[in-house]
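Single-structure report; data block below.
Ligands are counted one by one from 1 in listed order, and the atoms in each one are counted from 1 as well.
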Amino acid sequence: MTVCRPTRVSIIGAGNVGSTLAQRIAEKNLADVVLLDVLEGRPQGIALDLMEARGIEQHDREIVGTNNYADTVNSDVVVITAGIPRKPGMSREDLLKINAKIVLDVTRQVVIYSPGTVMIVVTNPLDVMTYLAWQASGLPPAQVMGMAGILDSARFQTFIAMESGLSTADVKATVLGSHGDLMVPLPRYSTVNGVPITELMDAPTIDRLIERTRNGGAEIVELMKTGSAYFAPASAACLMVEAVLLNQSRLLPVAAHLQGEYGLEDIFIGVPCRLGCTGVEEVLQLSLTDAERTALQASARSVRDSINQAQTLLETSPSPIAS
Ligand SMILES: NC(=O)C1=CN([C@@H]2O[C@H](COP(=O)(O)OP(=O)(O)OC[C@H]3O[C@@H](n4cnc5c(N)ncnc54)[C@H](O)[C@@H]3O)[C@@H](O)[C@H]2O)C=CC1
Ligand SMILES: O=C([O-])CC(=O)C(=O)O
């Protein structure tokens with residue numbers, strides 16, 4: 001008798017984003033979930049809690065909590081949420097050194113057990129962490145991507161719907177670039193049922209919504225006082241997991257490795273990509289105005305500076321980046 005191996009997603013980091021993502025994946029019946037954390041008991045407790053909801057939520061997905069990477073073996077997708085979230089007053093860049101060490105460590109352990117996985121990075125600062133994870137993993141670049149553009153676009157979408165009073169379902173918003181102050185919201189590519197928002201709102205209103213989008217993560221950090229956003233981030237990561245597992249050919253903004261696209265080389269940054277079972281299957285090159293291209297280049301320069309900074313910081317660490 002053939003024994004079927006269920007699809008498996010491992011989530012490294014059983015904190016707010018990781019545990020909410022585990023819930024979404026299981027309740028959407030997408031895959032079995034392995035939730036791993038350094039904290040003993042936390043992933044096991046969350047997994048048991050989620051298992052006990054199965055009868056109510058009507059699914060039979062296995063959710064396992066562990067501190068042992070061997071339990072993640074043969075994961076189809078691994079999502080890295082391990083790391084420290086920022087506190088009020090901090091930028092995502094302030095997490096660079098501490099999270100770089102965590103991301104390098106967990107990535108190296110992940111690929112021992114899942115050498116062919118698709119890896120989705122969530123830990124901040126996002127674009128840099130995705131680059132470091134790719135380097136440490138040895139995976140083909142198409143199999144590594146970062147989650148941010150879907151979240152930033154969803155925030156822009158929400159603010160457009162709130163401002164216009166129109167249904168969120170009809171709003172499509174596009175945000176490219178890095179997951180930081182230099183992200184690049186694109187009003188020309190943001191529409192309400194096909195109508196560009198530039199036809200529906202005046203420039204000062206759009207500028208105000210763009211500013212709120214750029215500040216979207218910080219706005220929640222300031223409100224929550226401890227920790228950062230996790231419901232919308234988990235939804236965004238789940239959309240990427242779903243697109244890969246179900247080979248959906250979704251066109252979604254993700255931090256992808258660029259090799260000349262948009263005039264950018266050897267960097268991970270948010271661009272529209274076709275996502276399928278092999279990961280990033282295509283980078284879509286939008287035509288940009290001079291101002292949009294300049295903004296994307298400035299965003300990429302800031303990511304490149306942070307990558308250089310991370311590499312300098314890590315040179316003094318006992319476990320330098322594997323080449
Ligand atoms: N890319 C994005 O758009 C977003 C990124 N984030 C980032 O995601 C990360 C996680 O956020 P939260 O879940 O809210 O934080 P959290 O503090 O709730 O959870 C992080 C978890 O990582 C675990 N961890 C730390 N070091 C580890 C290691 N070496 N191995 C395994 N687990 C380890 C911690 O024990 C903790 O349970 C943060 O860096 C945050 O800034 C959060 C939201 C959106
Ligand atoms: O703001 C943060 O630190 C977490 C994050 O990336 C977001 O919510 O966009």
Who's closest to [atom] heavy-atom-wise, of [options]?
atom: atom 20 (C) of ligand 1; options: Gly13, Ala14, Gly83; answer: Gly83
atom: atom 23 (C) of ligand 1; options: Thr130, Asp37, Leu95; answer: Asp37
atom: atom 9 (C) of ligand 1; options: Leu39, Thr81, Leu126; answer: Thr81
atom: atom 15 (O) of ligand 1; options: Pro85, Gly15, Ala232; answer: Pro85

Decide whether [X] and [Y] meet the rule of one side-chain donor and one side-chain acceptor closer than 3.5 Å.
X: Ser75; Y: Ser10; answer: yes
X: Asp71; Y: Tyr113; answer: no
X: Asp127; Y: His179; answer: no
X: Arg86; Y: Ser228; answer: no
X: Gln58; Y: Asn29; answer: no

* **Derivation of the side chain to side chain donor-acceptor pair (under 3.5 Å) call for Ser235 and Arg24** => CA-CA 7 Å; Ser235 294; Arg24 296 238 197 286; 2.9 Å; yes
Could you list the atoms of ligand 1 found under 4.0 angstrom from a heavy atom of [X]?
X: Val106; answer: 28 (C), 29 (N), 30 (N)
X: His179; answer: 1 (N), 2 (C), 3 (O)
X: Pro233; answer: 43 (C), 44 (C)
X: Ile102; answer: 26 (N), 27 (C), 28 (C), 29 (N)
X: Asn99; answer: 39 (O)

Test your reading of the structure: does [X] have an N or O sitting under 3.5 Å from an N or O of ligand 1?
X: Met147; value: yes
X: Ile84; value: yes
X: Asn124; value: yes
X: Ser228; value: no

* Asked: Between Tyr131 and Arg304, is there a donor-acceptor pair closer than 3.5 Å when you use the side chain of the first and the backbone of the second?
  -> no
* To do: Examine distances only and state if a side-chain atom of Asn99 and a backbone atom of Ile84 form a donor-acceptor pair shorter than 3.5 Å.
  => yes
* Structure fact -> Contact region, Val38 to ligand 1, non-hydrogen atoms below 4.0 Å, reads both
* Tell me which part of Val122 gets within contact of ligand 1: side chain, backbone, both or neither, using heavy atoms under 4.0 Å. => both
* **Least distance between heavy atoms, Asn67 atom then Leu39 atom** => ND2-O, 2.8 Å
* To do: Indicate the atoms forming the closest heavy-atom contact of Ala133 with Val121, along with that distance.
  => CB-CG2, 3.8 Å
* To do: May I ask whether Ile220 places a heavy atom under 4.0 Å from ligand 2?
  => no
* Does Met90 come within less than 4.0 Å of ligand 2, judged by its heavy atoms? -> no
* Does Ala229 come within less than 4.0 Å of ligand 1, judged by its heavy atoms? -> yes
* Could you check Leu176 against Leu286 for side chain to side chain contact (heavy atoms under 4.5 Å, CB included), going step by step and ending with a plain yes or no? => CA-CA 10 Å; Leu176 306 186; Leu286 298 177; 4.0 Å; yes
* **Region of Leu126 that comes within reach of ligand 2 [heavy atoms, distance under 4.0 Å]** => neither
* Using a 4.0 Å heavy-atom cut-off, say whether Arg155 meets ligand 2 through its side chain, its backbone, both or neither. => side chain
* Asked: Quick check: are there more than 12 heavy atoms from other residues, nucleotides or ligands sitting under 6.0 Å from CG of Asp202?
  -> yes
At a 4.0 Å threshold, what atoms of ligand 2 neighbour a non-hydrogen atom of [X]?
X: Arg86; answer: 1 (O), 2 (C), 3 (O)
X: Ala229; answer: 8 (O)
X: Gly217; answer: 1 (O), 7 (C), 8 (O), 9 (O)
X: His179; answer: 5 (C), 6 (O), 7 (C), 9 (O)
X: Arg92; answer: 1 (O), 2 (C), 5 (C), 6 (O), 7 (C), 9 (O)

* Are Ile25 and Ile11 close enough that some pair of their side-chain heavy atoms sits under 4.5 Å apart? -> yes
* Parallel, tilted or perpendicular: ring planes of His257 versus Trp134, cut at 30 and 60 degrees -> tilted
* Asked: Got the closest protein heavy atom to atom 14 (O) of ligand 1, with its distance?
  -> Asn16 CB, 3.6 Å
* Asked: Which protein heavy atom lies closest to atom 13 (O) of ligand 1, and at what distance to 0.1 Å?
  -> Val17 N, 2.9 Å
* Asked: If you measure every N/O of Asp152 against every N/O of ligand 2, is any gap under 3.5 Å?
  -> no
* Asked: Can a salt bridge be assigned to the pair Arg208 and Glu211 using a cut-off of 4.0 Å between side-chain N and carboxylate O?
  -> no
* Give, for atom CE of Met183 and atom CG of Asn215, the distance between the pair rounded to the nearest 0.5 Å. => 9.0 Å
